[in-house]
Structure formats: structure tokens, C-alpha cells
Amino acid sequence: MSSTERELVYRQDIDGLRAVAILLVVGFHYFGVKGGFVGVDIFFVISGYLITRILLVDIKDNNFSMSAFYARRVRRIFPALIVVLVACLAFGWSQLFSDDFQKLAKHVMAGSMYVQNFLLWQESGYFDADGITKPLLHLWSLAIEEQFYLVWPILLVAFSGFRLGLIGAIVSVLFVSFFINIYFIYRDTTTAFYLPFSRLWELAFGGLVAYVEIFQQKISLHIREKKRLMNALSVMGLLIIGFSAAILNKDAAFPGWWALLPITGTGLLVLAGDKSIINRTLLSNTFMKWIGKISYPLYLWHWPMISFAMILFGSDNKISRSVKLSAFIISVLLAWATYVWVEKPIQRYKITPNNSFRVLGLGIATTGGIFIVAYLCWQQIISPRFGDIK
């Protein structure tokens, strides 16, 4: 089976799991779900699982193309992100004063280069009070995923020629990164939260589930042939995720040991398979699949909407319920529009080793152009419409 054909294989429940993740994140930012930030960790596991599965099958079939892999990542990640970055910069130019616009431009630069986590690491913690006035704060997680995509295929290909090389590489990254996370959570929580070294274990955990499915099929088949076991794992996975969202809050030492809860719960749901009771009923229903499909653009849009609302209409780090509800509705509409008119048309473009460099070049040129414009704004060569505060 070719990589293109594999991309057509669709697990409905994975979209439903994406829906769980984004609903938790939006619930945290908009509706007071105190542990909803664990949705980001669910996204990490899903990404690690899906990407590793593609890589492992390609490696197993001796059909891996580095350029095609990165071109598919460009096709998946760049278009919606570019739309959001351009929209934020344009809105900032039209509505913000010079100081706020300059800060926004700096974050657009970091977001376009996928280093937002490093910039935020230098500035403050995720839960700090001034975080709400940073419209691109949420791009820290996308930066970590992109940093993972840069090193993960190289690592797996490098170790694929050795006996136990693949599983050794996956487990090594998982454990080393996890203990880096534990080390820093008691010394510098901002470092533990933002830097990739203490977060890669979450994506590697998804990679471990993918490895079990592909190279340890007896285990995954045993689970999915035993109806009670399969259903028990899916129910347990959902309960663990729900428990973590209910008991955790922004004061928890997170990620640390606490992150094991949403990570383990997500892994169990994925491993249980699409025929298990939670996956085939809750995660595969029409509403959850729809939310899952717009989850990426919704993640991109929801935070700038509430952040700009705070900058323009808020006081004492609060905005009215009507403004917050309006921001949420606009976020969903923008996410749906981005999915329909940006993501879907571009996803139809097939990536091959022959055209992959063209796609990579276009992606680099476009993000480079955004970076240059944002740099000119940061240097105040391009000034906002309102100029300085009088």
C-alpha cells in the first residue's frame, strides 16, 4: 500500500478524540473547565501516533521519502496557520496601538518560524496574568509538534537498521524526555512546560502505541478480538481523561507526573480501536467527527479571538459573558470557513517524491514572507494605523 493510499485510511474515532481535545481546550479558555488544558496533551499523543504510524509503515515497506514526509506536513500545517497569522497581523495593524502591535509582530515572527515556545519561555509562564493579552500564546504547542516532526523521522530512520532499533529509539526518547520533565517540574515549571525536551515523551507515547499496532500485531489484535477487554480499555481511557480535566487546575505542577493521566487515557482509547464501545459510539458520532475535522483551525482561531477581545474590551483581565460568547461563535465560524475553503481544497493536492520539493519551497517562501513583514512591523518600519498612544 502506498503512502498516498494509507492517507485515505480513516479512523472516525480519531477525529472524535481530536474533538475531545479541542472541546477541553476551548472549555478551559472560555467556559471555566479548570483542567481543560490537558486537551493539548491529548493532541500530542494523537500527533505522535499518526505520524509514527505513517513513518513506521514506510520504513517497514522500504518506501520512506524524507522530502515527501515534510511536504505532507507543510500541506497539513502551513495553510491554516498562514491564514491566521496574516489575519492577526492585519487586525493588529488596524486596531492596536504601537506598543501592542510591536509585541504582536514579534510573536508572529516566532509563530511563523515555529519557535513560539522558546519566546514564551523567555517571557513568562503560560498561566501568568498577562498571557491573555498575547494573541498567539497558544502556538507554543504547535511549535513543539513541528520540532518533533523535524527530529523524529531522522531518528527512526537512523535506528531502523538495528535489531530492536525502532522500539529502542521510541522508548529511549519517551523515558529520557519524561525524566527531564520530572527534573524541571520541581526546579523551573516554565522550562518544563515550554521546552520540547520535557514534552517529547508525550508524542513518543503515541509513537509507542503505533509501534505496538504495526510490529506487535498480536497484542493489538488480542485486544480488539476480546470485546470486554477492548471496551474496558476505551471506558477506562475516557474516565482517566475526564478525571484529569476535573481535578487538575492551573496551580498543578504540570506536566510533571500529572501529565501521565491524559497521556495514558488517550493511549488506551487509541489502542482500544474504533470498534470499542466509547470509540464507536461517542467518538464516532456525526457531531464529534465534525468538531474533530475543524479542531485544528478552531485551535488556531479560538485564542486570538478571546485575546483580542480582552485587549479591546476587557478590564482587570475580565471580559463580559456576551463578548466571550461572541468570540467563541466567531471562532467556530472562522474554523469552519478555514476548513472548507482552505484546508479541504489544499488537502486534495497529492504529494509525491517528484513534487515534494516544490511544496516545501512554496511553504518556506510563504512563511518567510510573513516573517519579513512581521519583522518590518516589529522594527516599526511598518506602523499601525493608530500609531502611538497619545
Side-chain angles (χ1 to χ4, degrees), residues 18-44 46-47 76-89 91-92 100 103-148 190 193-196 199 202-203 245 250 254-255 259 262 291 294-311 314 317 319 324 327-328 330-332 334-335 338-339 370 374:
R18 285 192 179 106
V20 171
I22 191 59
L23 290 173
L24 285 171
V25 172
V26 172
F28 174 67
H29 290 146
Y30 279 81
F31 304 114
V33 179
K34 62 181 182 178
F37 54 84
V38 302
V40 173
D41 305 272
I42 296 172
F43 275 126
F44 282 160
I46 294 171
S47 294
R76 175 72 179 103
I77 300 296
F78 281 30
L81 177 64
I82 288 168
V83 169
V84 172
L85 290 178
V86 170
C88 286
L89 199 60
F91 185 84
D100 286 334
K103 293 174 185 176
L104 173 64
K106 182 171 68 171
H107 283 257
V108 171
M109 291 165 57
S112 67
M113 294 292 108
Y114 302 98
V115 293
Q116 181 76 331
N117 56 326
F118 288 103
L119 176 60
L120 293 168
W121 173 55
Q122 294 176 339
E123 290 183 349
S124 63
Y126 180 78
F127 300 111
D128 289 354
D130 67 342
I132 188 65
T133 60
K134 296 177 180 179
L136 299 176
L137 174 77
H138 63 318
L139 295 187
W140 71 271
S141 63
L142 187 61
I144 286 179
E145 287 198 17
E146 287 299 303
Q147 290 152 18
F148 171 78
T190 302
F193 195 93
Y194 280 128
L195 292 196
R199 287 286 194 167
E202 303 184 39
L203 293 113
K250 63 182 182 180
F254 198 87
I291 293 294
I294 67 166
S295 60
Y296 175 53
L298 182 54
Y299 184 80
L300 292 178
W301 282 115
H302 87 282
W303 182 256
M305 291 300 101
I306 197 170
S307 181
F308 280 127
M310 178 63 69
I311 293 170
N317 285 325
I319 53 177
K324 187 178 288 189
F328 170 70
I330 293 170
S331 299
V332 174
L334 287 172
T338 304
Y339 171 71
I370 294 172

Review point. Centres of the Y114 and F78 rings: under 6.0 Å?
Key: yes
Review point. Can you list the steps and then say if W301 with I294 is a side chain to side chain contact (heavy atoms under 4.5 Å, CB included)?
Key: CA-CA 11 Å; W301 282 115; I294 67 166; over 6 Å; no
Exercise for review: Might you work through the side chain to side chain contact (heavy atoms under 4.5 Å, CB included) test for K106 and E123, ending with a clear yes or no?
Suggested key: CA-CA 12 Å; K106 182 171 68 171; E123 290 183 349; 3.4 Å; yes
Residues in side-chain contact (heavy atoms from CB on, under 4.5 Å) with [X], at least two apart?
| X | result |
| --- | --- |
| L23 | M288, I291 |
| A110 | V115, Q116, L119 |
| I311 | L96, D100, T133, P135, S307, F308 |

[X] [atom1] to [Y] [atom2] distance, which is reported to the nearest 0.5 Å:
| X | Y | atom1 | atom2 | answer |
| --- | --- | --- | --- | --- |
| F43 | E202 | CZ | CD | 13.5 Å |
| S141 | E146 | OG | CD | 10.5 Å |
| M109 | L104 | CE | CG | 11.5 Å |
| Y194 | L120 | OH | CG | 4.5 Å |
| H29 | I132 | NE2 | CD1 | 7.5 Å |
| T190 | Q122 | OG1 | CD | 12.0 Å |

Show the nearest heavy-atom pair for residues [X] and [Y], with the distance to one decimal.
| X | Y | answer |
| --- | --- | --- |
| F44 | I144 | CZ-CG2, 4.1 Å |
| L195 | N117 | CA-ND2, 4.4 Å |
| L24 | A245 | CD2-CB, 3.8 Å |
| L203 | S47 | CD2-CB, 4.1 Å |
| A327 | S331 | O-OG, 2.7 Å |
| L136 | L85 | CD1-CD2, 3.8 Å |

Exercise for review: Have a look at V108 and tell me which of V86, L89, V84 forms a side chain to side chain contact (heavy atoms under 4.5 Å, CB included) with it.
Suggested key: L89
Exercise for review: Tell me, please, which residues at least two apart from F328 pass ring-ring contact (aromatic ring centres under 6.0 Å, His included).
Suggested key: Y30, F31
Point to revise | Listed partners of Y339 passing ring-ring contact (aromatic ring centres under 6.0 Å, His included), at least two apart | key: none
Practice item. On the 0 to 90° scale, with breaks at 30° and 60°, tag the Y299-H302 ring pair as parallel, tilted or perpendicular. Key: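 Y299 and H302: tilted rings.
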Review point. Do side-chain atoms of W303 reach the backbone of K134 as a donor and acceptor pair under 3.5 angstrom?
Key: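 Looks like yes, one N/O pair under 3.5 Å.
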Check your understanding: Is R18 close to Y296 at the side-chain level, that is, under 4.5 Å between some pair of heavy atoms?
Key ->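 Answer no - side chains too far apart.
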Practice item. Give the C-alpha distance, both sets of side-chain angles, the deciding distance and a yes or no for side chain to side chain contact (heavy atoms under 4.5 Å, CB included) between I319 and I306. Key: CA-CA 9 Å; I319 53 177; I306 197 170; 3.9 Å; yes
Using residues 33-41 as the side-chain source, report each donor-acceptor pair under 3.5 Å to any protein atom, sequence neighbours left out, with the distance given to one decimal.
| residue | atom | partner | partner atom | Å |
| --- | --- | --- | --- | --- |
| K34 | NZ | A246 | O | 3.4 |
| D41 | OD1 | R199 | NH1 | 2.8 |

